[in-house]
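Note sheet for the following structure.
Just so it is clear: chains get the letters A, B, ... in the order the sequence lines come, proteins before strands, and each one is counted from 1. Keep in mind the model is a prediction, meaning the values are calculated, not measured.
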Amino acid sequence: MNSIKDNPILKREIMMDHYESPRNFQLIDDNSYRQIHVYSQSCQDDIKLQVLINNDIIEDIRFEGNACVIATASTSIMTELIKGCSIKQAKEIIENYFNMINQKEYGENILKEAVVFESVGRQVNRISCATLSWNGLKQLLNENEES
Amino acid sequence: MNSIKDNPILKREIMMDHYESPRNFQLIDDNSYRQIHVYSQSCQDDIKLQVLINNDIIEDIRFEGNACVIATASTSIMTELIKGCSIKQAKEIIENYFNMINQKEYGENILKEAVVFESVGRQVNRISCATLSWNGLKQLLNENEES
Amino acid sequence: MFNVDKIRQDFPMLQGKTNEGKPLIYLDNGATTLKPNSVIEAVTNYYQNITSNINRGDYKLAYLVDQAYEKTREVVADFINCQSKEVVFTYGTTHSLNQIAYGYGLNNLKENDEILITVAEHASNTLPWYQLAAITKAKVKFIPLDKTGKITVENVRKMLNENVKIVSIAQVSNVLGCISDVKAIAREVHKFNAVLVVDGAQSVPHIKTDVKDLDCDFLVFSAHKMCGPTAVGVMYGKYHLLEKMMPLMLGGGMNLHFDTDFNVKLKAVPYKFEAGTSNIEAVLGLKAAIKYLKEIGMDNIANYEKQLKDYTISELKKLDNVIVYNPEADIGIISFNVLDKGKIIFGQDVASYLSKHGLCLRSGNHCAKNLWQYLAVDSTVRCALYFYNTKEEVDKLIEVLKTTTLENCVDVIL
Amino acid sequence: MFNVDKIRQDFPMLQGKTNEGKPLIYLDNGATTLKPNSVIEAVTNYYQNITSNINRGDYKLAYLVDQAYEKTREVVADFINCQSKEVVFTYGTTHSLNQIAYGYGLNNLKENDEILITVAEHASNTLPWYQLAAITKAKVKFIPLDKTGKITVENVRKMLNENVKIVSIAQVSNVLGCISDVKAIAREVHKFNAVLVVDGAQSVPHIKTDVKDLDCDFLVFSAHKMCGPTAVGVMYGKYHLLEKMMPLMLGGGMNLHFDTDFNVKLKAVPYKFEAGTSNIEAVLGLKAAIKYLKEIGMDNIANYEKQLKDYTISELKKLDNVIVYNPEADIGIISFNVLDKGKIIFGQDVASYLSKHGLCLRSGNHCAKNLWQYLAVDSTVRCALYFYNTKEEVDKLIEVLKTTTLENCVDVIL
Ligand SMILES: Cc1ncc(COP(=O)(O)O)c(C=O)c1O
Ligand SMILES: Cc1ncc(COP(=O)(O)O)c(C=O)c1O
């Protein structure tokens, strides 16, 4: 398999695809889901995230919102990666994602399609778009542990 | 008579004398007097003025307050000059006084001792001290006409 | 003669600066404006030569600064045609509007009274009224906009009734760029003895202002949107109204006297509204800004901007992939979106792509969060021109917009 | 090593400037302070190289300014030892105190509750509380000062009771210059579940501040009194308190969402308090000011100022014609009057005479208009030192004070 990282055309296609057909899009009206509303303090990105956790497994994850291509695609890719993971695995993925964004070492295999955001720092002001939902998920998982 | 104007020692003596023994100092509790409270918006000068006007004559004028040497002496000198004048005369004196302060032509004989303030503009920030009560009196006389 | 090349020389930000490595093209003048040398010098002169707090009586330096500060009141008064004692220095339009809502509104409104605004108002001309209504149980109502986004006199007339106490509108909307007929509106508003508050944040910098002629009761604006420093603004009010208003902030500099029996005597208008150390250097900068604008001439500025705006709109209209929301704008504020395969590209993606080409434009709702009701979209990209912008800069915008596709927007981070 | 000569090089105002034709000696640092080059450069850099409104998302320039603005929050947080989200930028101490009185006070006070202040407080730490008391029918009471002008823990303890909800005191009085034991006072105040507001306008510029250690609930101060620009200040508050507070001003930048049904969603702390365009360049200047002060070292500053203050007081004490009101000052703020034949010369006359000799000192009540109750005079002349002042400047003051007579004061206008 070709590395996604080194193939800008593939990267662009993945991003556009997730923007145009976002996965796990549409919230559900079910109280067993935990929900968080994340929004940028400055721009228009506005996303609601839901997760269903049972026995430490993220059984379902959903989102809805109005956001830029980067925020939307990064959320969609995140939901695909996270769905079905244990909390521990999810946290590892999240950690790797932030490591990638912050130009530290990370596992390419762990992040799969999420590596398309590897160079988001080229436009520093877009880092917040690419991390909006990821921060939201982190917070949801931490809240889960506290309760 | 020597011109006061050209005699700094005399000028200083006059000012100190009016500061240390202000004339017409002490208000009176009498409703037939008109009163005005003037104060600087910035410094501590704070003076109350009273005038008693009958048949267009300024029969009495008094003051009280807490103010710097310039404001106090200029008020004291003003009361001496004004007491007994007709309103018309008083206005002429006031006009001459402001002319002097603003370096325009004025009648030395009309202003008498008030010429000690001729060069108050040497310290521009003190002009407001030397004109505080004079502005107050002007206002009192204008109010008198309006009523 | 208006000579844009010569004018641009006055602005350090227009001397070969870059944005993302490309020549800077600043088209976000609705948010804030660039500063000419004379304004920068006025501020640094305060720092380098005349630093001291304003306070008239004590030493020469402070006296001189105080004089320069007070002189600015006269300069502003001359600029908008009022008395200098009607000029209150605030920290900006937002502060001015809060001061009016609090200082005038709380004393004059009661249950079921009405405050009229529009959906096009900026948050700063909306939320203080919501708050005032919540406290007094008055109601905020919305004057409908016509189909070009304008506030018409007829629509104001329809909304007026004896419960209306305050009408507060922007003379120029920061998204739609049309000029309201404030003079005619004031006439209607006064028939009902209501007061008219005019948000001049986007008008005073661009067109000649005469509050006597407009006969508005309050006019507010910010220096930073007219070549001046940040965090100084003006609240003009008719003197008899200002006299009866309570200050929003209390403290040093605005009182004559207080004692431990809770007697408090405030200074006269305008000083009673200026609590605490004012933005001294910025007031001095505002004076320089007004001087600068007057030297160019407000009419010259308005004419030039109109031409540039007309040109921009006509060029934008030629593009298949751009929708302009306010083609009938009076002022150089143009709101648009870019389409890709018939779908609007999210404003921030467009702005990011433009930024990559040196172009500084803002996307979003521009703080007018009720305006989607009129626009039917909740976010636009805004091109806000000022007199130092050029046809060539607009051409560059058009050129880049032609290549604006979702793919290209994505590519900026690849 | 603290080297005052080297430090003075950093200040354009200390490079051969004059007052009334004489070498300028600036001793009015309680009113405002001079600015070093690095602060001036930070402000002009905004004007010349990075002008734009803060707004994170849209183009690079705005992003960079926003980052620099937000970075200042961290710098302030580090300077006073709190979290950066507890740092609210205001327009100054006065604004901060009004924000607390309004935002915390209105929600938490009811009839017969008590607010404790002292007669030494500045107008800005007095009038907002009078106003709050008038609205809520709470009472303002005065903690007595001891004979040296200090607020003692014992006196605070005596005044505390379960009705006390707010205690608001200056850490350093701007007339008396003594340091309050905030830490011990906080402990007492918290026993009654009241909050302690600390007016740090005259302490933060001069001594090391650690809000965690002091355990105060709020701390407020102004940049312009610590080498920074005018019209920017800080309101520090414990996060859980800030969260529950209402903003004093509403408008752009502080809300996430609002609609025509009057739903309003505010941003999180600290943003919800920053309505309208903040004083961007001044915030950047504050960052430079803190950097500058830290490089010199707050302890070095405090030590140097203490030495200079001790020297000044000992020299003043040698003069027959001077009364010093606060010989036990902890900080370089010295209040005095000059006598002529046993009678106090009006402060303004003295200040004018000093001005004639280049000396810039302020006279009056210094906005602490209740303080005559303690001082038994309602006006003093104030010598307020900062770390760039020198022994030689103090010597000049002493020399001129020796010749200060009523006659000489009169002569300045002859
Ligand atoms: C103790 C004290 N509190 C408050 C203030 C008010 O500060 P600002 O004018 O910067 O709001 C001052 C400054 O004069 C002060 O000395
Ligand atoms: C129409 C309008 N009103 C009010 C404001 C608020 O101005 P400021 O942020 O200077 O207080 C703005 C600026 O964004 C505006 O465009």
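Here the CG-CD distance, from C/Leu406 to A/Glu20, works out to 6.0 Å after rounding to the nearest 0.5 Å. To the nearest 0.5 Å, atom NZ of residue A/Lys5 and atom CG of residue C/Leu414 are 13.5 Å apart.
The number of heavy-atom neighbours closer than 6.0 Å to NZ of A/Lys112, taken from other residues, nucleotides and ligands shown, is 12 or below. Residue-environment remark: CG (A/Asn55) stays at or below the threshold of 12 foreign heavy atoms within 6.0 Å.
Put simply, of A/Ser119, A/Gly121, A/Pro8, A/Cys68, the one with the most heavy-atom pairs under 4.5 Å next to chain C is A/Cys68. By number of non-hydrogen pairs under 4.5 angstrom with chain C, the leading residue of A/Lys11, A/Met16, A/Glu13 is A/Met16. Options A/Ile70, A/Val116, A/Asn66 differ in how many heavy-atom pairs under 4.5 Å they form with chain C, and the most are formed by A/Asn66.
Across C/Lys356 and A/Arg122, no two heavy atoms sit closer than the pair NZ-O, 4.0 Å. The two residues C/Ser379 and A/Gln44 come nearest to each other via the heavy atoms CB-OE1, 3.4 Å.
Proximity of a side-chain donor or acceptor of A/Gln123 to a complementary backbone N or O of C/Ser352 within less than 3.5 Å is detected.
In this structure, chain A has heavy atoms under 4.5 Å from both the backbone and the side chain of C/Asp349.
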_Evaluate A/Val69 against C/Phe346 for side chain to side chain contact (heavy atoms under 4.5 Å, CB included), listing each step before the verdict._
CA-CA 7 Å; A/Val69 56; C/Phe346 201 78; over 6 Å; no
